[in-house]
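I have placed the structure first, in the form of structure tokens, so that the comments after it can refer back to it.
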Amino acid sequence: MKKIILIAILLGFTALAQSQTKNKNAKYTFEVNGNCEQCQKRIQKAAFSVSGVKMALWNIETHTMTVLINEEKCELLEVKKAIAKVGHDTDQVKAEDAVYQSLHSCCLYERVK
């Protein structure tokens with residue numbers, strides 16, 4: 001009987017400890033410039049290159065990127081920098097001109113100065 005009570009108490013403490021852990025994952029949506037499916041593949045691949053990115057979806061029509069990241073492993077700014085590094089401007093980080101110019105002609109979007 002004592003073993004059953006002890007097991008019940010331990011299970012109670014375990015459940016309590018797990019309920020107090022913070023959710024490490026955060027979902028963000030932000031703007032990324034691009035035009036086509038080729039851009040979509042490049043943008044999503046760049047996002048996934050950052051350790052801690054669990055989900056990355058770029059919508060061609062709305063130019064919005066939705067990411068789910070583990071905030072203990074990366075920050076949102078790292079994801080935006082990775083996307084800009086492959087030639088696509090984000091709402092916060094602009095791609096280098098030379099990288100942007102090296103994109104395929106169908107991928108060249110109108111840049112905001």
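Numbers here are sequence positions counted from 1.
Minimum interatomic distance between R42 and C107 (heavy atoms only, all atoms of both residues): NH2-SG, 3.6 Å. Across every non-hydrogen atom of N35 and C39, the tightest pair is N-SG, 3.3 Å.
L108 is listed as a side-chain neighbour of Y100, based on a closest heavy-atom distance under 4.5 Å. Residues I83 and M65 have side chains in contact (heavy-atom distance under 4.5 Å, counting atoms from C-beta outward).
Here CD of Q40 is found 14.5 Å from NZ of K45. Values are rounded to the nearest 0.5 Å. Atom CD of E71 sits about 5.0 Å away from atom CD1 of I69, to the nearest 0.5 Å. In this structure, CD on E75 lies 12.0 Å from CG on N70, to the nearest 0.5 angstrom. Here the NZ atom belonging to K81 is positioned 12.5 Å from the SG atom belonging to C74, to the nearest 0.5 angstrom.
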**Q.** Derivation of the side-chain contact (heavy atoms from CB on, under 4.5 Å) call for K27 and T66
**A.** CA-CA 7 Å; K27 185 177 179 179; T66 303; 3.5 Å; yes
Q.
Applying side-chain contact (heavy atoms from CB on, under 4.5 Å) to Y28 and L68, what does each step give before you reach the verdict?
A. CA-CA 7 Å; Y28 295 97; L68 180 65; over 6 Å; no
Show me, pair by pair, the donor-acceptor contacts under 3.5 angstrom made by side chains of residues 46-59, not counting sequence neighbours?
residue : atom : partner : partner atom : Å
S49     : OG   : A46     : O            : 2.5
W58     : NE1  : V32     : O            : 3.0
N59     : OD1  : E61     : N            : 2.8
N59     : OD1  : T62     : N            : 2.9
N59     : OD1  : T62     : OG1          : 3.3

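Considering R111, K94, K80 in turn, R111 is the only one that fulfils the side-chain hydrogen bond (donor to acceptor under 3.5 Å, both in side chains) rule with D89.
The 12-atom threshold is not exceeded at CD of E96, counting heavy atoms of other residues, nucleotides or ligands nearer than 6.0 Å. Q92 CD: more than 12 foreign heavy atoms inside a 6.0 Å radius.
Under a hydrophobic-cluster definition in which Ile, Leu, Val, Met, Phe, Trp and Tyr are linked whenever side-chain heavy atoms come within less than 4.5 Å, directly or via other members, V93 and V86 are assigned to different clusters.
Side-chain atoms of H63 do not come within 3.5 Å of backbone N or O of N33 as any donor-acceptor pair. Q101 contributes no side-chain N or O that, together with a main-chain N or O of A98, makes up a donor-acceptor pair within less than 3.5 Å.
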